[in-house]
Amino acid sequence: MNHFVEENLKRVREHMEAACARSGRRLEDVKLLLATKTVTLEKLQMAMQAGEVLFGENKAQELRDKFPLMQQYNRVEWHFIGHLQTNKVKDVAKYVTLIHSVDRLKLGQALNQQLLKENKTMDILVQVNTSYEESKFGVPPESALELVEQLAALERIRIKGLMTIGKWKGTPEETRQCFRLLKSIRDQIREKDIPHVGTDELSMGMSGDFEAAIEEGATIIRVGTKIFGERYLPDSYYWNENIRGNE
Ligand SMILES: *Cc1c(COP(=O)(O)O)cnc(C)c1O
């Protein structure tokens with residue numbers, strides 16, 4: 001049996017530990033989320049057998065396809081990290097415990113409606129476009145506070161913090177600026193002390209930049225390639241679907 005997933009996991013965890021040591025943080029304050037878009041069930045299973053418990057998907061369809069396997073591992077938790085269309089909230093809410101990508105009021109309202117129907121609540125993060133790239137989703141940084149205030153009024157949604165994707169192919173310094181910006185927006189929101197709004201979670205950092213993200217305060221890093229290998233679909237397939245008309 002091929003153990004490359006396990007070996008990659010070990011390496012990533014070593015880098016996490018080093019980044020925590022460099023920045024005076026505790027390893028237990030940083031969660032590793034495995035980004036599993038396009039990843040085969042076989043590789044997923046390797047990760048679960050290695051003891052991993054936190055996974056993130058980008059599409060409702062893939063969540064559905066992978067659900068039977070997930071059910072076999074009862075400690076496993078799913079998050080949703082991809083762009084979410086309002087007509088998919090029902091499918092997604094069924095499977096996940098945290099949605100990282102709420103970036104507009106309309107989406108929050110659709111989600112709230114669905115949760116009311118099902119009589120349940122959902123934890124979310126607000127995704128911020130800290131790199132100002134058009135190809136990325138996320139609320140513009142200057143509108144983040146306003147969106148948080150609006151979402152806070154929706155009774156079935158529990159805001160837990162913020163999420164961002166660092167600048168695509170940016171220099172290390174540019175990427176780090178994205179993370180710093182997210183943290184400063186978080187601090188601004190925290191100061192407002194908005195009822196029912198949690199600000200503890202900062203979901204930032206991927207394969208190429210998770211160490212910098214940890215140094216800048218990430219509490220959840222989302223890593224795919226460094227653990228599962230290269231994907232056969234470009235990320236633009238997930239990040240720039242040009243489907244805003246569907247909302
Ligand atoms: C794919 C993806 C990741 C992981 O990216 P890698 O570079 O493969 O580590 C993290 N976050 C989001 C939102 C993603 O879509």
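As the structure lists them, so they are numbered: ligands from 1, and atoms in each ligand from 1.
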Sub-4.0 Å atoms of ligand 1 with respect to non-hydrogen atoms of Val223:
9 (O)
Going by side chain to side chain donor-acceptor pair (under 3.5 Å), name the residues that satisfy it together with Glu191, two or more places apart in sequence or in a different chain.
none
Side-chain H-bond candidate by donor/acceptor type, Gln177 with Glu173, under 3.5 Å:
yes
Using a distance-only test with no angle check, is there a side-chain donor-acceptor pair under 3.5 angstrom linking Gln61 and Asp65?
yes
Kindly identify the option in Lys59, Met206, Glu57 whose heavy atom sits closest to atom 7 (O) of ligand 1.
Met206
Could you list which atoms of ligand 1 come closer than 4.0 Å to a heavy atom of Thr225?
6 (P), 7 (O), 8 (O), 9 (O)
For residues 40-50, pull every pair meeting salt bridge (Lys or Arg N to Asp or Glu O under 4.0 Å), keeping only residues two or more places apart or in separate chains.
none
Can you list the atoms of ligand 1 that are under 4.0 Å from a heavy atom of Ser207?
6 (P), 7 (O), 8 (O), 9 (O)
May I ask you to list the atoms of ligand 1 that are less than 4.0 angstrom from any heavy atom of Ala35?
3 (C), 4 (C)
Please could you name the atoms of ligand 1 that Lys37 approaches to less than 4.0 Å, counting only its heavy atoms?
1 (C), 2 (C), 3 (C), 14 (C), 15 (O)
Scan Asp187, Ile165, Thr164 and name whichever one has a side chain to side chain contact (heavy atoms under 4.5 Å, CB included) with Leu182.
Thr164
Here's a test for you: under side chain to side chain contact (heavy atoms under 4.5 Å, CB included), which of Ile81, Asp123, Leu84 qualifies with Ile99?
Leu84
Derivation and outcome, side chain to side chain donor-acceptor pair (under 3.5 Å), residues Glu133 and Ser131
CA-CA 5 Å; Glu133 288 167 287; Ser131 63; 2.6 Å; yes
Please determine if Gly224 has a nitrogen or oxygen closer than 3.5 Å to a nitrogen or oxygen of ligand 1.
yes
Any idea which atoms of ligand 1 are less than 4.0 Å away from a heavy-atom of Asn58?
14 (C), 15 (O)
Any atom of ligand 1 sitting under 4.0 Å from a heavy atom of Lys226?
no
